[in-house]
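Structure record follows, encoded as structure tokens.
Residues take their numbers from the sequence shown, with the count starting at 1.
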Amino acid sequence: MKGKVCVFGSFNLDVVAVMRRFPLPGESLTAHHSMMGAGGKGANQATAALRAGARVHYIGKVGNDDFGLFARRHLEKTGFDAITLFTCKEKPTGNALIYVAGDDAENMISVYPGANTTVTAAEVTRCQPTVAAADILLVQLENNLSAIQRMIDNARASGTFVILNPAPWQKVSDALLAKVDLLTPNSTEATQLSGVTVTDFDSARRAAAVLHRKGARQVIITLGIAGALLSTPAEQQRIPLFPAQPRDTTGAGDAFNGALAARLASGDDLPQAARFAAAFASLCVERAGAADSMPSYAEALARLQAHPECLVEPIESITA
């Protein structure tokens, strides 16, 4: 039985330039490929959750402009169970400029959030029944913090499991962290949240300990090519990196979070869900784009089965 995932988050129009290397300040470089498409962490993660097998209700906000019209048309054909898309008359639809460069397909992103940061208290209240009906609420930090906080409060009041992907960075209170069931920062965000510079697995463990003291119940810190750390107050485990040939890492974190939410909603335990999410994300980086690059549940399952050696390991079994 498919679980229900409610994703509240941003929609952006993405403009992507693929480069041999990143330009220096003041330098103009010719891209060897460019594309435009749907993005935004909310829409990306909702799409990932859908492709990973969940029933998804996406909640977002766009401008009263051509990009907003594009958003509506795109979202309506994606296949979500339901969509709640508010419209802002004062600000345009969010957009992002993305550079992808080098053999490792690393990215640099500049985001103008636009309408994403104008979600009102009344709009959040209208979404309360949707949040209450979901197994999982998945949120990020690409909307105004007041709306995110209210959405999390509604989920807590309804007993809905809350996942917060703290990206892009906004300063959040320890009180908010204490309301979240699962926190999923990358190494940069974990550094900003904890004050511990995260560069490897050991420093991620120290950062996770700080986050637990701040109130975070369960934490997954994604570490790029080092895999990820799964940490609870009782134990820490290493989530494997699945072999991949990276082409574009832009949507990797969104793929991981969406797939993680989908599998938790379906009843998987956290280590199982995290392993599936890692396999799912490894397929995403082999494709260009963000929302349009999300693989299917069947493809992720096949990658899992092709790499039985990629296991979630208890910390005691990890050698230096």
Just wondering, do [Y] and [X] contact through their side chains at under 4.5 Å, heavy atoms?
X      : Y      : result
Arg21  : Glu27  : yes
Leu283 : Ser296 : no
Leu85  : Lys61  : no
Pro295 : Glu286 : no
Ile220 : Leu183 : no
Asp81  : His57  : no
Ile59  : Cys6   : yes
Leu75  : Tyr58  : yes

* Identified side-chain contact (heavy atoms from CB on, under 4.5 Å) counterpart of Ile163 within the set Val5, Leu138, Leu137 -> Leu138
Looking at every non-hydrogen atom in both residues, tell me the closest pair between [X] and [Y] and how far apart they are.
X      : Y      : value
Ala207 : Ile221 : CB-CD1, 4.3 Å
Ala167 : Glu189 : CB-OE2, 3.0 Å
Lys89  : Asn64  : CA-CB, 4.5 Å
Ala48  : Ala259 : CB-N, 4.2 Å
Ala52  : Tyr297 : O-CD1, 3.5 Å
Val219 : Leu211 : CG1-CD1, 4.0 Å

* Could you give me the CA-CA distance, side-chain angles and deciding distance for Phe67 and Phe11, then say whether ring pair (Phe, Tyr, Trp, His ring centres under 6.0 Å) is met? => CA-CA 10 Å; Phe67 288 177; Phe11 181 95; 9.3 Å; no
* Under 3.5 Å donor-acceptor, Asp181 side chain and Val162 backbone -> yes
Return yes when atom [atom1] of [X] has more than 12 non-hydrogen atoms of other residues, nucleotides or ligands closer than 6.0 Å, and no otherwise.
X      : atom1 : answer
Asp269 : CG    : yes
Arg247 : CZ    : no
Phe242 : CZ    : yes
Leu24  : CG    : yes

Does a donor on one side chain sit under 3.5 Å from an acceptor on the other, for [X] and [Y]?
X      : Y      : value
Asn12  : Asn116 : yes
Ser266 : Arg263 : yes
Asn143 : Ser10  : no
Thr30  : Arg20  : no
Thr47  : Asn44  : no
Gln45  : Gln140 : yes

* Asked: What do the steps show when you test Asn257 against Thr184 for side-chain hydrogen bond (donor to acceptor under 3.5 Å, both in side chains), and what is the final call?
  -> CA-CA 8 Å; Asn257 279 276; Thr184 60; 2.6 Å; yes
* Could you give me the CA-CA distance, side-chain angles and deciding distance for Thr93 and Asp65, then say whether side-chain hydrogen bond (donor to acceptor under 3.5 Å, both in side chains) is met? => CA-CA 7 Å; Thr93 301; Asp65 53 16; 2.7 Å; yes
Treating Ile, Leu, Val, Met, Phe, Trp and Tyr as nodes and any side-chain heavy-atom pair under 4.5 angstrom as an edge, say whether [X] and [Y] lie in one connected cluster.
X      : Y     : value
Tyr99  : Val15 : no
Leu69  : Met36 : no
Leu13  : Leu97 : yes
Ile109 : Met35 : yes

* To do: In sequence, state the C-alpha distance, the side-chain angles, and the governing distance for Ser282 and Arg303, and then conclude on side-chain hydrogen bond (donor to acceptor under 3.5 Å, both in side chains).
  => CA-CA 9 Å; Ser282 75; Arg303 179 148 294 185; 3.1 Å; yes
* Run the salt-bridge test on Glu299 and Arg287 with the 4.0 Å N-O cut-off and return the result as yes or no. => yes
* So how far is it from Gln170 CD to Glu142 CD, rounded to the nearest 0.5 Å? -> 9.5 Å
* To do: Starting from the C-alpha separation in whole Å, work towards a yes-or-no answer on side-chain hydrogen bond (donor to acceptor under 3.5 Å, both in side chains) for Thr232 and Gln218.
  => CA-CA 5 Å; Thr232 72; Gln218 301 172 106; over 6 Å; no
* Asked: Is it the case that Arg238 places NZ or CZ above or below the six-membered ring of Phe201, under 6.0 angstrom from the centre and within 45 degrees of the axis?
  -> yes
